[in-house]
Asks: 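First the structure, then my questions, so here it is.
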Amino acid sequence: MSYHLRREVASVREGPNYGRPSIHRQASTNTRYMQMLLDLDSVPSWHNLLVALCAWLLLAGFVIFPGTFTSIQNIDEQGDGIGNIERWILHHVKNLPLLVVAGVCCGLGAIGMVAFWIRWHSNYVWVCNRVFLPGTLHGIAGLLSTIVNVYTAQHKQWSITARVSAIVEGACLGACGLLFLFYSYWLLDGVKRHHHRELGFDNEDLGPFKKMKARARQASPEPGRIVSDHTRA
């Protein structure tokens, strides 16, 4: 062995990593679903606060609306003042400021929720939990409040304000409910299936009964193998 070769071998043996197993680092798999979960921490806290405030403003408007039904319900439709729209509003709608407050709350809440939906539309987890689910629940609460008020305090008589309130609350419930189902069970579910395929968890896409069947098939031996074992015996 030449002098230079022996020197190179000695320098390698004296190195700090000699005798240690080499570590090959593999790039971690970062799927789209994992990225959505990681992006939840990057959402500013004031965005979470404002979208929650908008959702509560929407609910406040739905709760205030039934308070305007009584004064409108007691209107005498045969009165002389009905011909003049301005006089009719000023003299008969005693809760007009309350109606304005309810409309402003619903308008601001809806605009804010739509704005945050547009801002974070690519993060399906965030929009489902922060926008669509609260909107659906608040729409249900508002619609139930309107129906209960009409069938108890209003003696099953639907005034104009009650009908408008029910239409607005039903539209909010339908829109948010359909978007929640579409994002949760179509878009987000597809992202989850792709995530499971990337990580090799194919059985996670199946239901509980299909998972049991898949495990049973994996645990049961093949018929040909059983026959061959009996034949050998």
Asks: Would you check, one step at a time, whether the test side-chain contact (heavy atoms from CB on, under 4.5 Å) holds for Val101 with Cys105?
Replies: CA-CA 6 Å; Val101 170; Cys105 288; 4.2 Å; yes
Asks: Do Val168 and Phe62 come within less than 4.5 Å of each other through their side chains, counting heavy atoms only?
Replies: yes
Asks: Decide yes or no for Thr146 and Trp158: does some side-chain heavy atom of the first lie under 4.5 Å from some side-chain heavy atom of the second?
Replies: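 When only atoms from C-beta onward are counted, Trp158 and Thr146 do touch, with a gap below 4.5 Å.
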Asks: On a heavy-atom basis, which atom in Asn129 and which in Leu133 lie closest, and how many Å separate them?
Replies: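 Nearest pair, atom of Asn129 first, then Leu133: O-CB, 4.4 Å.
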Asks: Starting at CG of Leu143, measure out to SG of Cys172 and round the result to the nearest 0.5 Å.
Replies: 10.0 Å
Asks: What are the two closest non-hydrogen atoms of Pro66 and Ser145, and how far apart are they?
Replies: CG-OG, 3.5 Å
Asks: Under a plain distance cut-off of 3.5 Å, with no hydrogens placed, do Asn48 and Trp126 share a side-chain donor-acceptor pair?
Replies: yes
Asks: Would you say Ile111 ends up clustered with Val104 if hydrophobic residues are merged whenever their side chains have heavy atoms under 4.5 Å apart, either directly or through other cluster members?
Replies: no
Asks: Check for me, please, whether Leu53 and Leu59 land in the same ILVMFWY cluster - side-chain distances under 4.5 Å, paths through other members count.
Replies: no
Asks: Under a plain distance cut-off of 3.5 Å, with no hydrogens placed, do Tyr33 and Arg193 share a side-chain donor-acceptor pair?
Replies: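 Result is no, nothing qualifies.
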Asks: I'd like to know if the side chain of Trp117 pairs up with that of Tyr183 as donor and acceptor (distance under 3.5 Å, no hydrogens or angles considered).
Replies: yes
Asks: I want to know whether His47 and Phe116 have ring centres closer than 6.0 Å.
Replies: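 Judged by ring-centre distance (under 6.0 Å), His47 and Phe116 do meet the cut-off.
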Asks: In the single-linkage hydrophobic clustering (I, L, V, M, F, W, Y; side-chain heavy atoms under 4.5 Å), do Trp56 and Leu108 co-cluster?
Replies: no
Asks: How long is the gap from CG on Leu50 to CZ on Arg119, to the nearest 0.5 Å?
Replies: 13.0 Å
Asks: Check Met36 against Asn123 and note the closest heavy-atom contact, atom names and distance.
Replies: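 That would be O-ND2, 3.3 Å.
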Asks: With the side chain counted from C-beta on, respond yes when Leu38 and Ser42 share a heavy-atom pair under 4.5 Å apart, and no when they do not.
Replies: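 Of all side-chain heavy-atom pairs linking Ser42 with Leu38, none is under 4.5 Å.
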Asks: So, for Gln157 and Val150, which heavy atoms are closest and what is the spacing to 0.1 Å?
Replies: O-CG1, 3.9 Å
Asks: Are the side chains of Cys106 and Phe65 in contact, using a 4.5 Å heavy-atom criterion?
Replies: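 With C-beta onward as the side chain, the pair touches.
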Asks: I need the Asp39 CG to Arg32 CZ distance, nearest 0.5 Å.
Replies: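 The distance works out to 10.5 Å.
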Asks: What heavy-atom pair brings Leu58 and Ala110 nearest, and what distance separates the two atoms?
Replies: CD1-N, 4.4 Å
Asks: To the nearest 0.5 Å, tell me how far Cys128 SG sits from Leu181 CG.
Replies: 9.5 Å
Asks: I need the minimum non-hydrogen distance between Thr136 and Gly177, along with the two atoms involved.
Replies: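 Nearest heavy atoms, Thr136 then Gly177: OG1-N, 3.2 Å.
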Asks: Tell me whether Trp186 shares a hydrophobic cluster with Leu188, the cluster being built from Ile, Leu, Val, Met, Phe, Trp, Tyr side chains joined at under 4.5 Å.
Replies: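 In one cluster with Trp186: Leu188, yes.
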Asks: Treating Ile, Leu, Val, Met, Phe, Trp and Tyr as nodes and any side-chain heavy-atom pair under 4.5 angstrom as an edge, say whether Trp120 and Val191 lie in one connected cluster.
Replies: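 Yes, one cluster joins them.
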Asks: Let me know which of His195, Arg197, His196 forms a side chain to side chain donor-acceptor pair (under 3.5 Å) with Thr31.
Replies: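 Of the listed residues His195, Arg197, His196, the side chain to side chain donor-acceptor pair (under 3.5 Å) partner of Thr31 is His195.
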